[in-house]
Amino acid sequence: MSNIIFATQNRHKISEVQSILGERHTIVSPEQLGFVGEIPEEELTLEGNALQKARFIHSMFNLPCFADDTGLEVKALNGAPGVYSARYAGEGKNSEDNIAKLLGELLDKDNREARFRCVIAYIDGSVTEHLFEGIVNGKILFEKQGDEGFGYDSVFSPEGFEISFAQMSLIEKNLISHRGRAVSKFVDYLMCELN
Ligand code: IMP
């Protein structure tokens, strides 16, 4: 069993990813290692942000480390909010504000197609950095449905389902979600690395 740092302060994400990684790898958060500051994410792409977060925490603790960055890409909004998903309604605003802005922007739009895209960056201590991508297509609902999850979960319904991510269990969400898919690729890589 080995420890890997997940460069995030989001406890929802930590439980989601730990449940996929299984017992072979234990996720350690920066907070558990004594770091409670902000992890910078100032790049203009998901790839750039994931790498920036992983490099920042890796340079601090020199242990294998990964980070993810996720964007909600809405077709009728030309891919917005994308890399700005966390601060769509402005700095210091929360998920409720972001959802309210999103539903407002879509009021006069017929096309509600959207996708979540997640990029994981992994630094294992060697010179190589690795990127893994996961995508889930779906649509934006007209109003919030469900109480599970976080972020935009309550207004995103994945393709093939009539319910939102916030109406699914963690196991159901992980099986089809952007992060679940990116983490599966990451786990496959870790398995090959160990063998
Ligand atoms: P980040 O990857 O933490 O930067 O996420 C960017 C934004 O997307 C934040 O507002 C999150 O709440 C939202 N987000 C990330 N992952 C998910 C998810 O699995 N479901 C819903 N919203 C998410």
Side-chain angles (χ1 to χ4, degrees), residues 5-20 27 29-31 37-57 65-74 77 79-103 105 112 114-122 131-141 143-159 161 163-184 186:
I5 309 177
F6 187 1
T8 182
Q9 276 132 340
N10 184 327
R11 288 184 191 163
H12 280 279
K13 283 188 183 177
I14 294 179
S15 353
E16 273 191 19
V17 177
Q18 182 67 70
S19 76
I20 306 171
I27 293 181
S29 68
E31 199 180 340
E38 283 281 306
I39 305 173
E41 43 181 316
E42 304 143 334
E43 299 293 328
L44 301 177
T45 61
L46 299 178
E47 286 79 2
N49 272 341
L51 279 168
Q52 186 183 22
K53 291 189 265 190
R55 284 176 189 149
F56 179 80
I57 294 295
C65 176
F66 70 98
D68 81 316
D69 203 46
T70 295
L72 175 66
E73 300 173 342
V74 181
L77 304 178
V83 74
Y84 301 106
S85 296
R87 44 211 150 112
Y88 189 39
E91 291 296 339
K93 300 287 180 149
N94 60 24
S95 293
E96 293 301 306
D97 302 318
N98 289 336
I99 287 174
K101 171 158 182 184
L102 177 67
L103 295 184
E105 297 284 345
R112 302 190 70 95
R115 67 179 194 174
F116 273 114
R117 192 164 75 86
C118 172
V119 175
I120 288 179
Y122 174 54
L131 291 175
F132 308 91
E133 183 191 60
I135 290 173
V136 58
N137 293 314
K139 63 181 182 208
I140 303 300
L141 298 168
E143 54 189 31
K144 293 196 288 174
Q145 286 180 205
D147 304 309
E148 300 296 323
F150 67 99
Y152 297 91
D153 274 347
S154 61
V155 290
F156 182 84
S157 177
E159 207 166 66
F161 293 80
I163 57 174
S164 77
F165 266 164
Q167 292 171 303
M168 293 184 174
S169 69
L170 201 56
I171 293 172
E172 285 173 313
K173 181 183 169 188
N174 275 341
L175 278 174
I176 53 165
S177 81
H178 47 300
R179 198 162 20 261
R181 289 177 173 160
V183 175
S184 293
F186 177 38

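In listed order, ligands and their atoms are each counted from 1.
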Handout entry: Under the side chain to side chain contact (heavy atoms under 4.5 Å, CB included) test, residues paired with E31 that sit two or more places apart
Key = R11, S29, V36
Exercise for the section: Give the residue and atom name of whichever protein heavy atom lies nearest to atom 19 (O) of ligand 1, and the separation in Å to one decimal. Expected result: R179 NH2, 2.7 Å
Practice task
Check the surroundings of atom CG in D147: do more than 12 heavy atoms from other residues, nucleotides or ligands lie under 6.0 Å from it?
Solution key: no
Problem - ligand 1 N/O within reach of N98 N/O, cut-off under 3.5 Å - result: no
Handout entry: Approximate separation, where rounding is to 0.5 Å, of Y122 OH and F186 CZ
Key = 5.5 Å
Exercise for the section: State, without any angle test, whether N174 and S19 hold a side-chain donor-acceptor pair at a distance under 3.5 Å. Expected result: yes
Handout entry: Heavy-atom gap E41 to ligand 1 smaller than 4.0 Å
Key = yes
Fill in the blank from the handout: among protein heavy atoms, the one nearest atom 23 (C) of ligand 1 is F150 CE1, 3.7 Å
Problem - Pick from S164, S177, S85: the one approaching atom 8 (O) of ligand 1 most closely through a non-hydrogen atom - result: S85
Problem - Note, F165 side chain near Y152 side chain (heavy atom, < 4.5 Å) - result: no
Completion exercise
protein heavy-atom neighbour closest to atom 5 (O) of ligand 1 works out as T70 O, 3.7 Å
Fill in the blank from the handout: shortest atom 12 (O) of ligand 1-to-protein heavy-atom contact is with G151 CA, 3.2 Å
Exercise for the section: Applying salt bridge (Lys or Arg N to Asp or Glu O under 4.0 Å), run through R117 and E47 and close with a yes or a no. Expected result: CA-CA 10 Å; R117 192 164 75 86; E47 286 79 2; 3.0 Å; yes
Exercise for the section: Could you tell me whether K13 and ligand 1 have an N or O pair separated by under 3.5 Å? Expected result: yes
Exercise for the section: Looking only at distances, please establish whether an N/O atom of ligand 1 is found under 3.5 Å from an N/O atom of S95. Expected result: no
